[in-house]
There are 2 protein chains.
Amino acid sequence: MVRSAAELFSTRSYDGISMDDLVTHLGVHRNSLYKTFGSKRGLYQAALRWSLEHHVAPLVDRVAGAGDLAEALRVAVGEPAAEAGLNLLLMAAVERAPVDPEVADQLAPVLAAFDQAARAAAGRHAEHDGGGGGRGGGGEDGGEDGVALALTATILGLRLRARAGASGANIDQAGAALAHRLTHHV
Amino acid sequence: MVRSAAELFSTRSYDGISMDDLVTHLGVHRNSLYKTFGSKRGLYQAALRWSLEHHVAPLVDRVAGAGDLAEALRVAVGEPAAEAGLNLLLMAAVERAPVDPEVADQLAPVLAAFDQAARAAAGRHAEHDGGGGGRGGGGEDGGEDGVALALTATILGLRLRARAGASGANIDQAGAALAHRLTHHV
DNA sequence: CGAGTTTAGGAATGAACGTTCTTGACTATT
DNA sequence: AATAGTCAAGAACGTTCATTCCTAAACTCG
C-alpha cells in the first residue's frame, strides 16, 4: 500500500496527485487512508520513508560495495531498480524539500549516506596515489569528500536527465565516460 | 511580468502555484493574464521560455567560454545568477517534462547546448593529451560527449542539492574538487 | 467635446480539492 | 439471539481551483 503510494508520488508532483488518484491507484479506500496516516501529507511522508528505506538504502549499500567507480555509477544510474528508487527522491528533493522542512530532514541523512558510499567507491582508487586515502584527502581543494558530494550530484543529475527525456543509453554512456575519466588518472 | 512569473514558478511546483498567487505576485490583474497567455499553462510556458532565454542561455555561453573546467563549474553552480536561472529549469525537468511534452521539447535543446558548452570547457584539456580533441573522442568509452553529458548532469545535481538544503559552501567545494580530479589527469 | 475601442477590476461559475460524517455490514461477547 | 464495537464505502462538507463574464474607467481619434 505504501509502496503503491510511493510509485504514484514519484510520477507527479505532490500537488499534482489528488486523494482520488491515491484512492483509485491504491485500491484501499479513503477512510482507511485518513485513519492510518492522518492526512495526505502523512501518507506522503510515509511513502517517502518507505522508498528511502526499501529502495534507496539498498542502492546505497550496493554503491558502497562496488568494486570501482564505474561499477558504482552503473549500479546507481543504469539499473531499473535505480529508476524506481530514485525518482521519488528526486521529486522530493526538488519540489518538497524547499517547502516542507520535515522532508528536507528526511532527505539529508540519505544524501549523506550516498556521499559516503560514493566516497568509498571513489576512495578505492585514491588509496593508490600519493594523496591520503581514508579521511582528509589531498591538496588544496576539498579532496575526496568534495568529489563524493559531486558524484552523488552526478548520479541524481543523470537520473534527472533520464526523467526529462534523455535516452537510457546516453545516460549509461555518460556515467561510463565519467567513470573512465575519473579512474584512469592515477 | 514574465520574469516575475518565472521567479514564482521556480519556487514551487506548477500545481502548487495558484492563479491567485500569480495575480498577487505579478501585480497585474487576472484578465490581462488570460488575455495575453490564454491559460495558466500558456503563462508557464512563456515564463519557462523567458527563463531559458534570459537566464540559462547566457549562463551556457559563459560556461562555453570558460578557460577551464574548474571555472566552468564555478560559473555554473557558484554564482547567484546560476541559482535564479537554473531553479526553474530544474523544476521543469523533474516535474513538468514527464507530463507535458511541450516542456520536454523546450528543455531538450537547452540541455544539448549545455552539453556542448561543457564539452567545450572539458575539451580544452583533452586537446593536450593523446586522444582526439575535437570530435569523436578517444578509447572504448563514449569519450568527450559522454563526459559532457555527465558534467551537465553534475551541474544540475549540485544545484538540486543546494535546493534540497545543502550549504552553498559545500556545493562550491564539490564542484572545485571534481574539476580538480578531472583536469589534473593529463 | 463625444463616440468607439480597449483595458482594468472584481464578482461569479462549475469543477475539483482535502477532509469529515453517515450509513450499512460484519465480528465478538454474553 | 441480542447488542456493542469495528470497519469499509461513499455521500457530503466547505474551500479553493482555473476560467469567464460583466461593469466602469481610460484612452484614441474625428
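Throughout, a chain's letter reflects where its sequence line sits, starting with A, and its residues are numbered from 1.
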(message) Please compare B:N31 and B:Y34 by the position of their nearest nucleotide in DNA chain D and report the one closer to 5'.
(response) B:Y34
(request) Go through D:dT19, C:dG9, D:dA8 for me and flag the one nearest to the B:M19 side chain. (result) D:dT19
(message) Can you confirm whether A:L48 sits close enough to A:L107 that some side-chain heavy atom of one is under 4.5 Å from a side-chain heavy atom of the other?
(response) yes
(request) Using a strict cut-off of less than 4.0 Å between a Lys/Arg side-chain nitrogen and an Asp/Glu carboxylate oxygen, indicate whether A:R74 and A:D172 qualify as a salt bridge. (result) no
(message) Rounded to whole Å, how long is the line connecting atom CD1 of B:I17 with atom P of D:dA18?
(response) 10 Å
(message) Of the options C:dG10, C:dG18, D:dT19, whose atoms approach the side-chain atoms of B:H29 most closely?
(response) C:dG10
(request) Can you tell me the distance, in whole Å, between the CG atom of A:L33 and the C1' atom of D:dA9? (result) 13 Å
(request) Could you tell me whether the phosphate oxygens of D:dC17, OP1 or OP2, come under 4.0 Å of any side-chain nitrogen or oxygen in B:S18? (result) yes
(message) Hydrogens and angles aside, do B:S18 and B:D21 bring a side-chain donor and acceptor to less than 3.5 Å of each other?
(response) yes
(request) Please confirm whether the backbone N or O of A:A150 pairs with a side-chain atom of A:T154, one donor and one acceptor, at under 3.5 Å? (result) yes
(request) Could you please name the option among D:dA8, D:dT19, C:dT19 that lies closest to any side-chain atom of A:K40? (result) C:dT19
(request) Please state how far atom CZ in B:R41 lies from atom C1' in D:dT19, giving the value in whole angstrom units. (result) 16 Å
(message) I want to confirm an ordering. Mapping B:K35 and A:Y14 to their closest nucleotides on DNA chain C, which one lands closer to the 5' end?
(response) B:K35
